[in-house]
**Student:** 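Let me begin by handing over the structure; questions about it come next.
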2 protein chains.
Amino acid sequence: MKEIEKRLNDNGVRPTAMRILIYKYMAEKEVAVALTDIENAFAKADRTTLYRTLKTFEEKGIVHQIDDGTHISKYALCEPGCNCELEQDLHLHFHCNNCEETVCLTEQKIPHINLPDGYIAEDANLIVKGICEKCSG
Amino acid sequence: MKEIEKRLNDNGVRPTAMRILIYKYMAEKEVAVALTDIENAFAKADRTTLYRTLKTFEEKGIVHQIDDGTHISKYALCEPGCNCELEQDLHLHFHCNNCEETVCLTEQKIPHINLPDGYIAEDANLIVKGICEKCSG
DNA sequence: ATTTTTGATGCAACGGAAGTGCATTTATTA
DNA sequence: TAATAAATGCACTTCCGTTGCATCAAAAAT
Ligand SMILES: [Mn+2]
Ligand SMILES: [Mn+2]
Ligand SMILES: [Zn+2]
Ligand SMILES: [Zn+2]
């Protein structure tokens with residue numbers, strides 16, 4: 001578990017007990033989590049703390065926010081060494097219409113898109129919806 | 001303006017005065033609109049009516065909903081004869097980080113994506129963020 | 001034409017999620 | 001130990017989406 005502390009330290013985030021727990025929680029789950037999920041998992045902690053933890057993690061590049069079309073922000077841990085900001089590292093996200101879960105498909109990069117003249121791309125978000133492998137099996 | 005009435009009728013929506021006004025409003029705007037926008041444009045009408053009008057339009061294939069990552073639903077008129085549901089007709093949407101407006105880029109289709117085994121795609125949503133042509137010029 | 005039925009609109013309220021200001025506690029560092 | 005900075009907790013707000021029910025208008029049936 002010293003690894004988590006190191007990861008946080010390396011990214012300029014002080015490894016408090018709560019933050020380590022949240023990191024662990026996200027590492028164990030294989031799907032993207034919403035603030036509400038964390039809230040339910042840590043009923044004793046205050047929502048604001050959890051909220052701000054996610055914001056801090058996001059700022060410091062520990063997690064990335066995911067917009068899966070549900071209008072609820074989801075978060076997932078970044079791969080160690082990933083640069084989510086850069087176009088080359090943008091991967092797609094899959095949202096299952098059955099189990100409602102959202103996962104990172106880190107291998108599937110977002111293809112480069114040609115835009116009409118005058119448009120300048122800075123970021124992209126591709127989300128595919130359908131049936132996930134667990135639900136289709 | 002008989003055209004609008006026809007369009008609504010053809011899609012199984014009774015062309016009330018309010019609905020025609022909303023349709024006209026969306027046709028004149030070149031950008032996707034949120035419920036709040038319509039609300040501001042028609043202060044006299046009730047929110048619920050406007051809300052339900054959008055829902056009806058969406059169900060009947062008159063508008064499509066757009067998720068531009070702001071967590072606010074936007075809507076835009078469908079091209080006549082478009083099948084937004086079908087993969088071939090899925091176009092990308094552009095959200096300007098400067099003016100905050102979202103537009104349909106109907107010519108830019110979403111490329112086909114290969115998914116890992118077990119995943120079944122039913123729908124896709126690609127949104128590119130950056131600077132729009134108005135703001136970059 | 002009058003009644004009956006269906007659909008559209010309006011009003012009021014609810015709920016979820018995001019966000020903020022300020023007090024308090026905990027950890028650093030002087 | 002005292003001073004400072006950061007993290008946490010509490011209370012409250014705002015915004016958007018959504019629903020139930022009453023009322024009003026239009027269409028269909030008699
Ligand atoms: Mn991801
Ligand atoms: Mn569109
Ligand atoms: Zn699933
Ligand atoms: Zn712009």
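Lettering of chains follows the sequences in order, A, B, ..., and the numbering in each one begins at 1. All values below come from the heavy atoms of this structure, side chains included, with hydrogens, waters and symmetry mates left out.
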**Student:** Could you tell me whether the side chains of B/T102 and B/H95 share a donor-acceptor contact shorter than 3.5 Å?
**Tutor:**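 Side chains of B/T102 and B/H95: pair found under 3.5 Å.
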
**Student:** Show your reasoning for whether side chain to side chain contact (heavy atoms under 4.5 Å, CB included) applies to A/M26 and A/L54.
**Tutor:** CA-CA 11 Å; A/M26 294 184 74; A/L54 284 174; 4.1 Å; yes

**Student:** Using a 6.0 Å cut-off, check whether atom CG of B/D117 has over 12 heavy atoms from anything other than its own residue.
**Tutor:**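 Atom CG in B/D117 is not packed in, count stays at 12 or less.
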
**Student:** Think A/T16 has a side-chain N or O under 4.0 angstrom from the OP1 or OP2 of D/dA6?
**Tutor:**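 For D/dA6, neither OP1 nor OP2 has a side-chain N or O of A/T16 closer than 4.0 Å.
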
**Student:** Give, for atom CD of B/E107 and atom CG of B/L92, the distance between the pair rounded to the nearest 0.5 Å.
**Tutor:**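 Reported to 0.5 Å precision, the distance equals 10.5 Å.
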
**Student:** In residues 30-48 of chain A, which residues come under 4.0 Å of DNA chain C by heavy atom?
**Tutor:**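 Result for residues 30-48 of chain A: A/L35, A/T36, A/R47, A/T48, sorted by number.
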
**Student:** Assess the side chains of B/N114 and A/Q108: does a donor N or O sit below 3.5 Å from an acceptor N or O?
**Tutor:**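 No donor-acceptor contact under 3.5 Å links the two side chains.
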
**Student:** Calculate, to the nearest 0.5 Å, the distance between atoms SG and NE2 belonging to A/C104 and A/H91 respectively.
**Tutor:**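 If we round to the nearest 0.5 Å, A/C104:SG and A/H91:NE2 are 3.5 Å apart.
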
**Student:** Given atom OH of A/Y51 and atom C1' of D/dA11, what is their separation to the nearest angstrom?
**Tutor:**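 For the pair A/Y51 OH and D/dA11 C1', the rounded distance is 16 Å.
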
**Student:** Taking any atom closer than 4.0 angstrom to a non-hydrogen atom of chain B, what span of DNA chain C does the protein reach, first nucleotide to last?
**Tutor:**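 That gives a stretch of C/dG7 to C/dA12.
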
**Student:** Check whether the side chain of A/R52 and the base of D/dG9 form a donor-acceptor pair under 3.5 Å.
**Tutor:**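 In this structure, the two groups form a donor-acceptor pair.
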
**Student:** What is the ring orientation for A/H71 with B/H71, classed by angle as parallel under 30°, tilted 30 to 60°, or perpendicular over 60°?
**Tutor:**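 Correct class here is parallel.
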
**Student:** What do the steps show when you test A/K129 against B/E122 for salt bridge (Lys or Arg N to Asp or Glu O under 4.0 Å), and what is the final call?
**Tutor:** CA-CA 6 Å; A/K129 298 175 199 217; B/E122 293 177 344; over 6 Å; no

**Student:** Starting from the C-alpha separation in whole Å, work towards a yes-or-no answer on salt bridge (Lys or Arg N to Asp or Glu O under 4.0 Å) for B/K134 and B/E30.
**Tutor:** CA-CA 12 Å; B/K134 275 183 214 146; B/E30 74 288 10; 2.8 Å; yes

**Student:** Are B/Y75 and B/F57 close enough that their ring centers fall under 6.0 Å?
**Tutor:**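 Distance test on ring centres: not under 6.0 Å, no.
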
**Student:** Got a sec? Which of residues 57-76 of chain B come in under 4.0 Å of DNA chain C, heavy atoms?
**Tutor:**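 Residues of residues 57-76 of chain B that come under 4.0 Å of DNA chain C do not exist, since none gets that close.
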
